[in-house]
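Numbers here simply count residues along the sequence, with the first being 1. No hydrogens, no waters, no symmetry mates; every other heavy atom, side chains included, goes into these values. Atoms within a ligand are numbered from 1 in the order they appear, just like the ligands themselves.
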Amino acid sequence: MSAHLVAPSLLAANFGHLDADLQLVNDSTADWLHVDIMDGRFVPNISFGFPVLEAVQKACKKPLDVHLMIVEPEKYIEAFAKAGANVITVHYEACTHLHRCIQQIKATGAKAGVALNPHTPIELLEDILEDLDLVLLMSVNPGFGGQKFIYQTLPKIERLKTRLIERNLSPYIEIDGGVGLQNAEALLKAGANVLVAGNAVFADPNPIDMIARLKNIGEEVWKF
Ligand code: DX5
Ligand code: ZN
């Protein structure tokens with residue numbers, strides 16, 4: 001069994017044929033479906049909202065990993081949980097009252113995550129770490145799929161992993177942006193255990209096979 005999770009990102013799917021792409025995810029070894037919600041304010045792009053998420057939830061058999069790139073996420077936490085989110089991740093940079101927001105997510109029964117932009121140091125999570133189910137490190141600036149991986153993410157993962165070990169904590173470490181076969185092994189070795197992949201999966205001629213390859217890549221890393 002592979003020790004890490006793979007979460008294809010819906011943002012890179014074909015919105016004209018969402019059913020087909022969701023079926024593909026259902027038929028694959030993907031663990032979660034990553035769902036990016038963008039509001040045109042926190043990030044310079046708008047993706048989709050509740051009606052789409054509800055439709056996705058009906059068609060998708062995998063847990064929904066909802067990444068909120070929105071300001072004032074506390075206003076919508078319950079609505080996202082109701083629409084089917086299993087994991088809800090808010091941005092550190094978007095939350096004035098992060099602790100309250102995390103408790104709000106947990107009260108819905110969803111797993112609670114915090115995302116950090118590439119420039120935000122992991123040390124800022126020191127006083128909230130023990131409350132988190134997941135830390136999402138952005139490896140591109142949020143807002144768009146298909147961007148180049150920012151290499152400074154690797155030492156950042158190592159720093160986070162080291163700190164988690166020191167504190168005997170084990171939230172998921174999820175990496176989002178520019179992830180693919182070219183860097184998956186390095187990310188896992190550094191300590192990541194959830195890989196989000198948008199274009200690497202959906203722009204591939206064989207997305208099911210690509211998901212399986214991303215899923216298997218860690219085998220060698222974790223075996224020894
Ligand atoms: C970017 C999103 C990502 C995006 C990743 O703001 O948070 O989840 O879908 O896409 P790729 O894997 O193509 O970089
Ligand atoms: Zn995302």
Side-chain angles (χ1 to χ4, degrees), residues 4-15 18 21-22 24-25 28 30-49 52-53 56 60 62-71 73 76 80 85-95 105 110-120 133-154 156-157 172-188 192-205 207 210-211 213-215 217:
H4 69 276
L5 310 184
V6 173
S9 178
L10 185 68
L11 193 66
N14 180 346
F15 293 133
L18 261 191
D21 278 357
L22 291 172
L24 168 169
V25 171
S28 76
D31 298 280
W32 295 346
L33 179 69
H34 186 79
V35 180
D36 289 306
I37 307 290
M38 305 180 182
D39 66 353
R41 294 184 63 207
F42 181 69
V43 288
N45 197 6
I46 296 178
S47 56
F48 39 76
V52 173
L53 184 59
V56 167
C60 185
K62 310 281 178 170
L64 300 184
D65 171 34
V66 176
H67 176 192
L68 298 182
M69 283 163 275
I70 65 175
V71 298
Y76 302 101
F80 278 110
N86 301 95
V87 182
I88 299 178
T89 297
V90 294
H91 265 264
Y92 175 88
E93 302 84 1
C95 291
I105 296 172
K111 287 193 195 309
V114 169
L116 298 182
N117 279 337
H119 72 277
T120 306
D133 298 309
L134 179 146
V135 178
L136 185 161
L137 299 182
M138 286 304 307
S139 39
V140 298
N141 286 294
F144 304 91
Q147 301 182 79
K148 195 166 167 275
F149 178 82
I150 297 173
Y151 73 90
Q152 288 93 332
T153 310
L154 281 165
K156 198 169 173 179
I157 300 170
Y172 289 110
I173 301 179
E174 179 172 43
I175 310 304
D176 187 9
V179 173
L181 286 179
Q182 73 287 353
N183 54 17
E185 186 170 345
L187 295 170
L188 297 172
N193 56 5
V194 185
L195 302 178
V196 175
N199 278 267
V201 166
F202 288 104
D204 192 87
M210 179 51 70
I211 292 167
R213 292 175 75 186
L214 287 167
K215 185 76 185 154
I217 207 162

- Query: Within the side chain of N193, is there an N or O that forms a donor-acceptor pair under 3.5 Å with the backbone of H4?
  - Reply: no
- Query: Donor-acceptor pair, K62 side chain versus S28 backbone, under 3.5 Å?
  - Reply: yes
- Task: Report yes if H67 has an N/O atom closer than 3.5 Å to an N/O atom of ligand 1; otherwise report no.
- Result: yes
- Item | A200 N/O under 3.5 Å from ligand 1 N/O | no
- Taking the side chain as every heavy atom from C-beta outward, state whether L10 and F48 have any pair of such atoms under 4.5 Å apart. yes
- Between NE2 of H34 and OD2 of D176, what angle is found at the Zn ion (ligand 2), rounded to 10 degrees? 100°
- What atoms of ligand 1 come closer than 4.0 angstrom to any heavy atom of G177? 14 (O)
- Message: Looking only at the side chains, is there a donor atom on one of D36 and H34 sitting less than 3.5 Å from an acceptor on the other?
- Response: yes
- Measure the CE-CG distance between M38 and L11 for me, rounded to the nearest 0.5 Å. 4.5 Å
- Task: Can you pull out the closest protein heavy atom to atom 9 (O) of ligand 1? Residue, atom name and distance to 0.1 Å, please.
- Result: S9 OG, 2.7 Å
- Query: Can you check whether G198 has an N/O within less than 3.5 Å of an N/O in ligand 1?
  - Reply: yes
- Message: Given 3.5 Å as the limit, does a donor-acceptor pair link the side chain of Q147 with the main chain of N141, or not?
- Response: yes
- Query: How far is atom 1 (C) of ligand 1 from its nearest protein heavy atom, and which residue and atom name does that atom have?
  - Reply: F144 O, 3.4 Å
- Message: Please classify the D36 to ligand 1 contact at 4.0 Å (heavy-atom distances, strictly less than): side chain, backbone, both or neither.
- Response: side chain
- Item | Atoms of ligand 1 close to P142 [distance to a heavy atom under 4.0 angstrom, numbered from 1] | 6 (O)
- For the Zn ion (ligand 2), the closest N/O/S atom belonging to D36: OD1
- Message: For atom 10 (O) of ligand 1, what is the closest protein heavy atom, and at what distance to 0.1 Å?
- Response: G145 CA, 3.6 Å
- Task: Name the closest protein heavy atom to atom 11 (P) of ligand 1, giving the residue it belongs to and the distance to 0.1 Å.
- Result: G146 N, 3.7 Å
- Task: Could you list which atoms of ligand 1 come closer than 4.0 Å to a heavy atom of N199?
- Result: 11 (P), 12 (O), 13 (O)
- Query: With only distance considered, is G143 within less than 3.5 Å of ligand 1 through an N or O on each side?
  - Reply: yes
- Message: Please determine whether the number of non-hydrogen atoms from other residues, nucleotides or ligands lying under 6.0 Å from atom NZ of K111 exceeds 12.
- Response: no
- Counting from 1 in the order shown, the ligand 1 atoms closer than 4.0 Å to a non-hydrogen atom of H34 are 8 (O)
- Query: Side chain of D31, backbone of V194: donor and acceptor closer than 3.5 Å?
  - Reply: no
- Within a strict 4.5 Å, meaning less than it, do heavy atoms of the E174 and D65 side chains meet? yes
- Note on the structure: re atom 14 (O) of ligand 1, the protein heavy-atom contact at minimum distance is G178 N, 2.8 Å
- Message: Quick one, H67 and S9 - any side-chain contact, counting heavy atoms below 4.5 Å?
- Response: no
- Query: Identify the closest protein heavy atom to atom 3 (C) of ligand 1: which residue and atom is it, and at what distance?
  - Reply: D176 OD1, 2.9 Å
- Message: Give the atom numbers and elements of ligand 1 that come within less than 4.0 Å of a heavy atom of M69.
- Response: 6 (O), 7 (O)
- Within a distance under 4.0 Å of any heavy atom of L11, pick out the atoms of ligand 1 and give their elements. 9 (O)
- Item | Within 6.0 angstrom of F202 CZ, more than 12 heavy atoms from elsewhere | yes
- Could you pull out the atom name of the N/O/S atom in H67 that is nearest the Zn ion (ligand 2)? ND1
- Query: Would you find more than 12 non-hydrogen atoms of other residues, nucleotides or ligands less than 6.0 Å from Y151 atom OH?
  - Reply: no
